[in-house]
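All chains are named by letter (A, B, ...) in the order of the sequence lines, taking the proteins before the strands, and each is independently numbered beginning at 1. Note that this is a predicted model, so its numbers are computed, not measured.
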2 protein chains.
Amino acid sequence: MEVITLTGVTDSATAKGEQTRELILSTALRLFREQGYGKTTMRAIANEAGVSVGNAYYYYGSKDHLMQAYYDLLQDQHREAVEPILATEKAFVPRLAGVLRTWLDVSAPYHEFAGTLFKTAADPRSPLSPFSEESRPARDASVEVFRRVVDGSDLKLAADLKAELPELLWLLQMGVVLFWVHDQSEDVRRSRALIDRAVPLVDRLLRLTRIPGVRGVTNDIVGLINSIKP
Amino acid sequence: MEVITLTGVTDSATAKGEQTRELILSTALRLFREQGYGKTTMRAIANEAGVSVGNAYYYYGSKDHLMQAYYDLLQDQHREAVEPILATEKAFVPRLAGVLRTWLDVSAPYHEFAGTLFKTAADPRSPLSPFSEESRPARDASVEVFRRVVDGSDLKLAADLKAELPELLWLLQMGVVLFWVHDQSEDVRRSRALIDRAVPLVDRLLRLTRIPGVRGVTNDIVGLINSIKP
DNA sequence: CCCACTTCTTGAACACGTTCAACTCTTCCT
DNA sequence: AGGAAGAGTTGAACGTGTTCAAGAAGTGGG
């Protein structure tokens with residue numbers, strides 16, 4: 001069956017296979033949440049969903065792919081949760097800090113899970129790698145959030161730097177995530193402290209780029225980043 | 001048997017268990033080199049070494065521990081290979097570039113292997129994580145190399161920054177490694193280009209810290225890095 | 001309605017990392 | 001020498017992610 005809707009996309013909601021697909025995914029996500037990624041077996045997922053193990057593999061090439069889906073969900077939630085901040089706050093520092101803190105908030109329930117996620121993401125061969133081609137849509141969407149952070153703020157910067165900044169802020173977020181994954185403090189207090197200190201620092205650094213002597217180096221840095229991008 | 005030598009260290013060369021330990025390790029490293037980490041099974045290692053699977057686990061808690069040993073070996077080789085540069089070159093830029101390039105050279109045969117290594121290292125629970133307590137000796141030794149890069153050079157810097165710099169350069173190396181792992185260009189040309197461009201940039205950045213307005217921010221950055229360290 | 005064809009589903013089988021109770025070998029005290 | 005305690009060694013067994021040949025269910029043309 002191949003139901004084509006007006007949007008040109010296969011109507012996945014009604015096709016039987018897609019129902020199974022979603023059943024498997026939702027069951028997997030629930031089990032991941034309830035007992036962690038490591039302790040959730042493919043057999044348990046299949047069992048709980050009332051299908052066979054092989055069927056799960058028919059729709060999801062591996063356990064990692066199920067995690068991938070989980071990750072996408074997180075990102076969606078972050079984008080949603082960040083809306084109020086982007087809509088109301090106009091100053092750069094609270095805008096950026098808010099977006100980063102929101103990421104911590106959204107991800108809080110999955111801190112234990114994050115280790116595994118991160119481990120998988122670090123493998124350059126994994127589709128979850130933030131630098132992989134497969135995760136480009138997710139990454140673009142994430143960078144887009146930071147573009148809005150920059151564009152909607154009172155930040156005054158040279159145009160070329162301003163154009164590059166969202167990607168740099170995305171890298172900053174990767175750094176925060178890296179720290180967060182290793183953060184064992186209660187309520188990830190240290191990660192919050194990191195954000196509180198780092199964001200004003202970023203702000204001051206950006207203001208420094210107006211100093212003539214600094215400008216040249218800044219341009220070189222932007223150039224370097226661009227050269228290593230694709 | 002507990003043979004105590006004059007150095008106060010157990011004489012591991014003669015004790016029977018230690019012979020087995022080394023046999024297993026050397027066999028594992030050879031197989032890793034010959035056919036990659038993923039395709040080398042614990043059964044194959046045990047088989048090739050002429051021992052049982054359980055015996056391998058008696059000495060090495062997991063397959064990862066064998067990789068850990070492999071990684072330590074790499075670091076030793078790097079430290080050794082870097083000696084001539086540290087001994088002859090006095091200017092900061094070629095010193096740093098040389099040390100980083102040497103890392104690429106030493107690691108070149110293991111580029112395929114590096115993905116797995118990196119994946120494991122990224123897991124915060126892994127003893128291979130560069131931030132873990134178990135890898136502190138290896139990390140300290142690595143930072144020490146960069147301390148020598150700084151101390152033996154003509155670099156003129158404020159004392160507090162100079163004290164912190166080796167650790168920052170270690171972070172730079174982590175960045176290079178991250179890029180290198182994902183680098184699919186021939187002869188990892190892009191990684192070399194990154195070093196060639198990044199090192200002079202670091203040099204210029206360090207010189208900038210002499211400008212009064214920049215100094216304050218630099219101090220804050222150093223303070224931030226220190227605050228997130230332990 | 002029947003037949004080919006695709007899509008979907010099954011569960012046994014595989015290979016792997018890891019564990020463990022049982023066994024053998026070594027050391028060393030009496 | 002005897003023998004107990006420890007060190008070293010074994011391989012079958014377990015649980016895991018993943019594969020695959022076989023079959024079931026749905027689809028569409030004649």
Participant: Side-chain polar contacts of residues 165-177 of chain A - donor-acceptor pairs under 3.5 angstrom, sequence neighbours left out - could you list them?
Facilitator:
unit_1: A:E167; atom_1: OE1; unit_2: A:K229; atom_2: NZ; d: 2.9

Participant: What is the distance from CD of B:E18 to P of C:dT26, rounded to the nearest Å?
Facilitator: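 Rounded to whole Å, this separation is 16 Å.
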Participant: Verify the contact: side-chain N or O of A:T20 to OP1 or OP2 of C:dT9, cut-off strictly under 4.0 Å; return yes or no.
Facilitator: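 Checking A:T20 against C:dT9: at least one side-chain N or O falls below 4.0 Å of OP1 or OP2.
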Participant: Who passes ring pair (Phe, Tyr, Trp, His ring centres under 6.0 Å) against A:F92, sequence neighbours left out?
Facilitator: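 Partners of A:F92 under the ring pair (Phe, Tyr, Trp, His ring centres under 6.0 Å) test: none.
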Participant: Atom NE2 of B:H65 to atom P of C:dG17: distance rounded to whole Å?
Facilitator: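 From B:H65 NE2 to C:dG17 P: 15 Å.
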Participant: Distance check needed: D:dA25 P versus A:Q19 CD, whole Å only.
Facilitator: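 In whole Å, D:dA25 P lies 17 Å from A:Q19 CD.
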Participant: To the nearest angstrom, how far is B:I45 atom CD1 from C:dT18 atom C1'?
Facilitator: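 After rounding, the reported distance stands at 13 Å.
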Participant: In terms of side-chain heavy atoms, does A:S185 have a donor or acceptor partner in A:D183 at a distance below 3.5 Å?
Facilitator: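 Short answer, yes.
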Participant: Which angle, to the nearest 10 degrees, lies between the helix axes at the two ends of the helix from C:dC1-D:dG30 to C:dT30-D:dA1, each defined by five pairs?
Facilitator: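 Axis angle across the helix from C:dC1-D:dG30 to C:dT30-D:dA1, nearest 10°: 20°.
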Participant: Specify the separation, in whole Å, of atom NZ of B:K63 and atom C1' of C:dT19.
Facilitator: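 Answer to the nearest Å: 17 Å.
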Participant: Does anything in residues 48-61 of chain B come within less than 4.0 Å of DNA chain C? Heavy atoms only, and list the residues if so.
Facilitator: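 DNA chain C contact set from residues 48-61 of chain B: B:V53, B:G54, B:Y57.
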Participant: Quick one: ring pair (Phe, Tyr, Trp, His ring centres under 6.0 Å) partners of B:Y59, sequence neighbours excluded?
Facilitator: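 Ring pair (Phe, Tyr, Trp, His ring centres under 6.0 Å) list for B:Y59, sorted by chain: empty.
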Participant: With A:E186, which residues qualify under side-chain contact (heavy atoms from CB on, under 4.5 Å), at least two apart?
Facilitator: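 Per chain and number, A:E186 pairs via side-chain contact (heavy atoms from CB on, under 4.5 Å) with A:R189.
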Participant: I'd like to know if A:R148 pairs up with A:E83 as an ion pair, taking the criterion as any Lys NZ or Arg NE/NH1/NH2 lying under 4.0 Å from an Asp or Glu carboxylate oxygen.
Facilitator: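 Answer for the salt bridge query: yes.
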Participant: Rounded to the nearest Å, what distance is computed from the CG atom of residue A:N47 to the P atom of nucleotide C:dT9?
Facilitator: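 In whole Å, C:dT9 P and A:N47 CG are 16 Å from each other.
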Participant: In whole Å, I'd like the distance from the NZ atom of B:K16 to the P atom of D:dA7.
Facilitator: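 The distance from NZ of B:K16 to P of D:dA7 comes to 14 Å, rounded to the nearest Å.
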Participant: A:D151: what forms a salt bridge (charged side-chain N to carboxylate O under 4.0 Å, His left out) with it, not counting sequence neighbours?
Facilitator: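 A:D151 satisfies salt bridge (charged side-chain N to carboxylate O under 4.0 Å, His left out) with no other residue.
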Participant: Residues in side-chain contact (heavy atoms from CB on, under 4.5 Å) with A:L224, at least two apart?
Facilitator: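 side-chain contact (heavy atoms from CB on, under 4.5 Å) check on A:L224 returns A:S227, A:I228, B:L194, B:R197, B:A198, B:L201.
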Participant: Tell me, please, which residues at least two apart from A:L23 pass side-chain contact (heavy atoms from CB on, under 4.5 Å).
Facilitator: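 Per chain and number, A:L23 pairs via side-chain contact (heavy atoms from CB on, under 4.5 Å) with A:T27, A:A49.
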Participant: Could you tell me the separation between the CD1 atom of B:I24 and the P atom of D:dT9, rounded to a whole number of Å?
Facilitator: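 Rounded to whole Å, this separation is 7 Å.
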Participant: Between residues 27-44 of chain B and DNA chain C, which residues have a heavy-atom gap below 4.0 Å?
Facilitator: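 Per residue number, the list reads B:T40, B:T41, B:M42, B:R43.
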Participant: Provide the full list of side chain to side chain donor-acceptor pair (under 3.5 Å) pairs with a residue in residues 72-82 of chain B, sequence neighbours left out, each pair given once.
Facilitator: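 Of all non-adjacent pairs touching residues 72-82 of chain B, those that pass side chain to side chain donor-acceptor pair (under 3.5 Å) are B:D76-B:R79.
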Participant: Can you pull out every side chain to side chain donor-acceptor pair (under 3.5 Å) where at least one residue sits in residues 42-58 of chain B? Sequence neighbours excluded, please.
Facilitator: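 Listed once each, the pairs are B:R30-B:E48.
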